[in-house]
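These notes concern the structure reproduced below.
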Protein chains: 2
Amino acid sequence: MASDSRLLADVAPVRSGNVFEETMEHLLRLLRLGQFPPGTRMPPERELAEALGVSRTTLREALAELQQAGYVQARRGRYGGTYVAPVLPAPQAPEVPTLDAAEVEDVLTLRAVVEPAAARLAAERLPRAKQLARVQEAHEQLVGVPVEAYRPLDSRFHLEVARLSGTPSLVAVVADVRNQVNRLLDRIPLLPPNLDHSTQQHAALLEALEQGDPVAAEAVITDHLQGTAALLRGFLT
Amino acid sequence: MASDSRLLADVAPVRSGNVFEETMEHLLRLLRLGQFPPGTRMPPERELAEALGVSRTTLREALAELQQAGYVQARRGRYGGTYVAPVLPAPQAPEVPTLDAAEVEDVLTLRAVVEPAAARLAAERLPRAKQLARVQEAHEQLVGVPVEAYRPLDSRFHLEVARLSGTPSLVAVVADVRNQVNRLLDRIPLLPPNLDHSTQQHAALLEALEQGDPVAAEAVITDHLQGTAALLRGFLT
DNA sequence: TCTCAAAGGATCAGTTGTAGACCTTTAGGC
DNA sequence: GCCTAAAGGTCTACAACTGATCCTTTGAGA
């Protein structure tokens, strides 16, 4: 009996590859989400390996690959370290040139659920000045940044907003969905006018948060998301 | 320089343990969520190992442990297999007797975001009869079931509702959060009156879905969740 | 009643990943 | 201008995991 195929349909793999591959994915994600912002120094290998729960050997293999691809650069000696490139390299030509519409809808739908909810919760909590400062900082770094370096910093801003929700598990989901959206965005051109508009919306969001206005915060971000959503859907035809 | 500790704060581990441990967690989750319902036969080891992306050796170690703990029972010979116990054993006395309030709020908040959204989306899509049948089936299996066997089937019902949203990534989040909630619920008593009330709410949700009424669906499930949320918060003091 | 296919059970060589010690480079401080 | 601490770079013994093969059990059907 070849077993009920329906039972196996929902069984996800325990791991999505070998340790090296997963570590690469993980690091790429951290870079794309701006958690290690462009131009900064990453933590020392020994600490990073520990935080990732991976041996230094494996981490170093992944870092070597990233260096090869131009994402980071290692410098030896005291006060050396692994430095993030000021501008992340454009991803390779994607394997699948045309995107699966269902997949895109999936990601956009999840995003439309979690990001507005996070913004609403953040505004409800009336964050203290110190917490807001981190968002403010992320916002300022974003102003006038060149197009090529925009995306990681944009992600960072959105993640900082999500963190204000005070709900770590929600932040994790937002980070995840944003990472997927970034992969989609890599396949379409990024236009300066869009950036300007985005930055204005960020400012509006920031104000809603300062005022502790959940309804406004949710509305602003929903609007904001619809912009990129439309862009992505458009490039699908 | 001991590196900027803020940078490492948000770095999650690549893996949460060795393969054996992760496989155990994974299987426990599948059992608790009712994806392998009580009393049924699980897929053959070879197929399950393949689906989990794990060697049969490792899977067998995990299954042996589960058998030891009374979750499953293996039967040899043709038409044998690994059978899920009709009633899952009560979990061991939890390591941490008193729960961390922040942790509980975290899970409950995420749940309050994703489950209502999934129900709303499900109602919006006006699911076809065939899809509704799976939810209906899950609902019927739940009626009159003994208290001890309730939880996996309850989870299954909620997961089937989430599946109707047509958004796989949202289903994944719902599954995840439900798994965490189940762990919390394991620490508090389950009362038959609560079950009756739950089942009534399930019926109301089902009706809202049939009618394609997103507002009602969202309202019913929000109400439903607040019940267990209050219960959990109550047992925290 | 015999056969056999489909399931769990056992074993082992080979590969992958880890932990830890050690080497090399380099800038700042005495 | 030398010393040293902190970083990346290298190597090796050990543990974990895999995958492949074979064994054993058992019920259905010829």
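Throughout, a chain's letter reflects where its sequence line sits, starting with A, and its residues are numbered from 1.
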Round to the nearest Å and state the distance from [X] atom [atom1] to [N] atom [atom2].
X     : N      : atom1 : atom2 : value
B:F20 : C:dT18 : CZ    : P     : 18 Å
A:E45 : D:dT10 : CD    : C1'   : 12 Å
B:N18 : D:dT18 : CG    : P     : 10 Å
B:L48 : C:dG8  : CG    : C1'   : 13 Å
A:L52 : C:dT18 : CG    : P     : 11 Å
A:L66 : D:dG8  : CG    : P     : 14 Å
A:M42 : D:dA7  : CE    : C1'   : 14 Å
B:R15 : C:dT16 : CZ    : C1'   : 10 Å

- Note on the structure: Each nucleotide of nucleotides 20-27 of chain D classed B (base within 4.0 Å of a protein heavy atom), S (only sugar-phosphate) or -, in 5' to 3' order, makes --B-BBBB
Judged by atom type as modelled, is there a donor-acceptor pair below 3.5 Å linking the side chain of [X] to the main-chain atoms of [Y]?
X      : Y      : result
B:E148 : B:L88  : no
A:D106 : B:S169 : yes
B:T199 : B:L195 : yes
A:S165 : A:T167 : yes
B:R41  : B:G80  : yes

- Task: Could you check which of C:dG8, D:dG19, C:dA7 has an atom nearest any side-chain atom of B:S55?
- Result: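 It is D:dG19.
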- Nearest listed nucleotide, side chain of B:A74, among D:dG9, C:dT18, C:dG9: C:dG9
- Would you say A:T82 reaches D:dA7's phosphate, i.e. side-chain N/O to OP1/OP2 under 4.0 Å? no
- Does C:dG9 have OP1 or OP2 sitting under 4.0 Å from an N or O in the side chain of B:R60?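 Affirmative; the distance criterion is met.
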- Relative to B:Y83, does B:R75 satisfy both conditions: NZ or CZ under 6.0 angstrom from the six-membered ring centre, and within 45 degrees of the ring's axis? yes
- Does any pair with a residue in residues 57-68 of chain A pass salt bridge (Lys or Arg N to Asp or Glu O under 4.0 Å), and if so which ones, sequence neighbours excluded?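 Of all non-adjacent pairs touching residues 57-68 of chain A, those that pass salt bridge (Lys or Arg N to Asp or Glu O under 4.0 Å) are A:E45-A:R60.
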